[in-house]
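Have a look at the structure below, then the notes.
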2 protein chains.
Amino acid sequence: MAILDAAIRLFCRDGIGATGIDAVVREAGVARMTIYNHFGSKDGLVVAALERESAAWRTWFFARLAALQLPPREKLLAVFDILTEWFERDDYFGCALMNAVLEVRNNSEALMAVTMAHKKPVLEQLRAIAVAAGVRDPFRFTEQFDLIMNGAIVNALFTGSTNPAQDAKSVVAALIDTQIQA
Amino acid sequence: MAILDAAIRLFCRDGIGATGIDAVVREAGVARMTIYNHFGSKDGLVVAALERESAAWRTWFFARLAALQLPPREKLLAVFDILTEWFERDDYFGCALMNAVLEVRNNSEALMAVTMAHKKPVLEQLRAIAVAAGVRDPFRFTEQFDLIMNGAIVNALFTGSTNPAQDAKSVVAALIDTQIQA
DNA sequence: ATATAGATAGACCGATCGTTCTAATTTGAA
DNA sequence: TTCAAATTAGAACGATCGGTCTATCTATAT
């Protein structure tokens with residue numbers, strides 16, 4: 001859907017609040033009424049665009065992850081090489097879901113629902129790998145892994161470099177090595 | 001200054017873009033012209049408010065840090081107990097500077113300057129403690145520490161709990177233990 | 001007591017916001 | 001070919017945006 005592609009592009013680049021419907025109309029080359037017929041309102045468009053972005057990102061991420069033929073510990077570390085690929089894209093503007101939730105300060109239950117639905121399968125996959133790696137407390141490890149990923153995501157946006165991915169990688173390496181059963 | 005206090009309160013709670021001048025006028029109980037006479041424009045008000053918030057936060061943080069009578073390694077870990085205090089405040093809405101920069105996607109050099117001026121002394125202080133703790137690569141360690149702090153800050157906002165602070169604390173413990181010279 | 005500077009409330013400006021409406025045009029299936 | 005459904009461009013709506021102007025009031029200092 002060209003409308004959603006245009007919308008997510010602008011939402012990511014300029015922010016949701018700063019992107020007017022007219023900007024989406026221009027970017028998508030479509031009539032304003034077409035947007036309202038499809039999505040009902042700007043909020044509807046926002047949710048639909050973020051859902052699409054979420055699905056596209058997960059498809060890409062899981063494919064990258066599945067392509068790795070590595071033992072569990074190395075697979076967890078390789079996640080940050082995948083993030084490096086993400087960070088060096090010229091249209092990298094951080095995580096669309098995270099930016100959206102931060103922009104509205106958790107005040108949209110619809111956005112929170114989309115974000116939770118986004119994070120859940122990702123973290124479950126990572127937790128399964130952590131279990132296979134023999135991590136002591138997989139649930140807590142996954143929360144820490146998520147925290148480190150998020151730190152890398154915002155610092156990569158902040159600094160405009162991919163260094164945070166490799167910084168995060170060695171942090172996780174240190175974390176794993178204290179969590180593997182002897 | 002009551003204007004700046006009101007402004008930062010609204011900017012933190014609702015976001016900068018979502019906060020109109022009229023809202024600040026209402027919150028501060030002041031005339032609109034008074035704001036423009038003092039700060040010239042909304043952007044001027046934003047910068048002034050963020051500078052004030054930055055200074056207030058650093059004063060608080062450094063005082064908390066100085067009050068700790070601990071060896072360097074434990075002092076680095078105690079940072080996350082200080083963060084816990086921050087996260088449990090009912091007016092916690094994440095880091096004002098980080099939220100602002102994320103909201104404008106690095107497109108305001110004025111905001112970036114304020115944010116850099118904010119982070120620099122904090123990271124330098126932490127680096128000095130890391131040096132005293134005998135960390136192998138203090139510069140890289142500080143970048144990783146910053147990344148972990150930022151992850152905790154966003155996850156605390158996200159989950160509305162203080163758990164990310166303690167999660168981050170044990171991550172840093174693991175990181176330090178692999179970085180201390182034998 | 002008077003003069004000066006600052007703050008006040010509120011009308012007002014043009015621009016833009018999200019949204020609706022309409023009338024003409026294009027599309028696709030029967 | 002025909003007819004219905006979808007899309008189009010653009011005017012228009014009320015609300016709100018950042019910002020300006022003015023006229024009145026309230027201090028403070030000499």
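The basis for the numbers below is simple: all heavy atoms, side chains too, and nothing from hydrogens, waters or symmetry mates. Throughout, protein chains are lettered first and strands after them, A, B, ... in sequence-line order, and every chain is numbered starting at 1.
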Could you go through nucleotides 21-24 of chain D and list every protein N or O atom that sits under 3.5 Å from one of its N or O atoms, giving the distance for each pair?
none

Using salt bridge (charged side-chain N to carboxylate O under 4.0 Å, His left out) as the criterion, list what pairs up with B:R64, not counting sequence neighbours.
-> B:E85
Side-chain (B:S54) to main-chain (B:L50) donor-acceptor, under 3.5 angstrom = no
Applying side-chain hydrogen bond (donor to acceptor under 3.5 Å, both in side chains), which residue pairs with at least one partner in residues 34-53 of chain A are found, sequence neighbours left out?
-> A:D5-A:R52
Report yes if a side-chain nitrogen or oxygen of A:H38 is closer than 4.0 Å to either non-bridging phosphate oxygen (OP1 or OP2) of D:dA6; otherwise report no.
-> no
Not counting sequence neighbours, which residues clear salt bridge (charged side-chain N to carboxylate O under 4.0 Å, His left out) with B:D137? List them please.
-> none
Residues which pass side chain to side chain donor-acceptor pair (under 3.5 Å) with B:T84, listed by chain and number, not counting sequence neighbours = B:Q166
Give the cluster check for B:I16 versus B:F93: same hydrophobic cluster or not, with ILVMFWY residues linked at side-chain heavy-atom distances below 4.5 Å.
-> no
Got a sec, which pairs hit salt bridge (Lys or Arg N to Asp or Glu O under 4.0 Å) with one end in residues 102-129 of chain B, sequence neighbours left out?
-> B:K119-B:D146
Just by distance, do the side chain of A:R73 and the backbone of A:G134 share a donor-acceptor pair under 3.5 Å?
-> no
Within residues 9-28 of chain A, residues whose heavy atoms come under 4.0 Å of DNA chain D = none
For residues 156-175 of chain A, pull every pair meeting salt bridge (Lys or Arg N to Asp or Glu O under 4.0 Å), keeping only residues two or more places apart or in separate chains.
-> A:D81-A:K169, A:D167-B:R140
5'-most to 3'-most nt of DNA chain C touching chain A (<4.0 Å, heavy-atom partner on protein side) reads C:dG18 to C:dT22
Scan residues 41-54 of chain A against DNA chain D and write down, sorted by residue number, each residue with any heavy atom closer than 4.0 Å; if none is found, say none.
-> none
Pairs where residues 12-22 of chain A contributes a residue and the test side-chain hydrogen bond (donor to acceptor under 3.5 Å, both in side chains) is met, not counting sequence neighbours | A:D22-A:R32
Specify the closest pair of heavy atoms between B:L126 and B:V79, including all atoms of both residues, with the distance to one decimal.
-> CD2-CG2, 3.8 Å
Only counting residues at least two apart or in another chain, list the ones meeting ring-ring contact (aromatic ring centres under 6.0 Å, His included) with B:F87.
-> B:Y92
What is the distance from CD1 of A:I35 to C1' of D:dA9, rounded to the nearest Å?
-> 13 Å
Just wondering, are more than 12 heavy atoms of other shown residues or ligands nearer than 6.0 Å to CZ in B:F139?
-> no
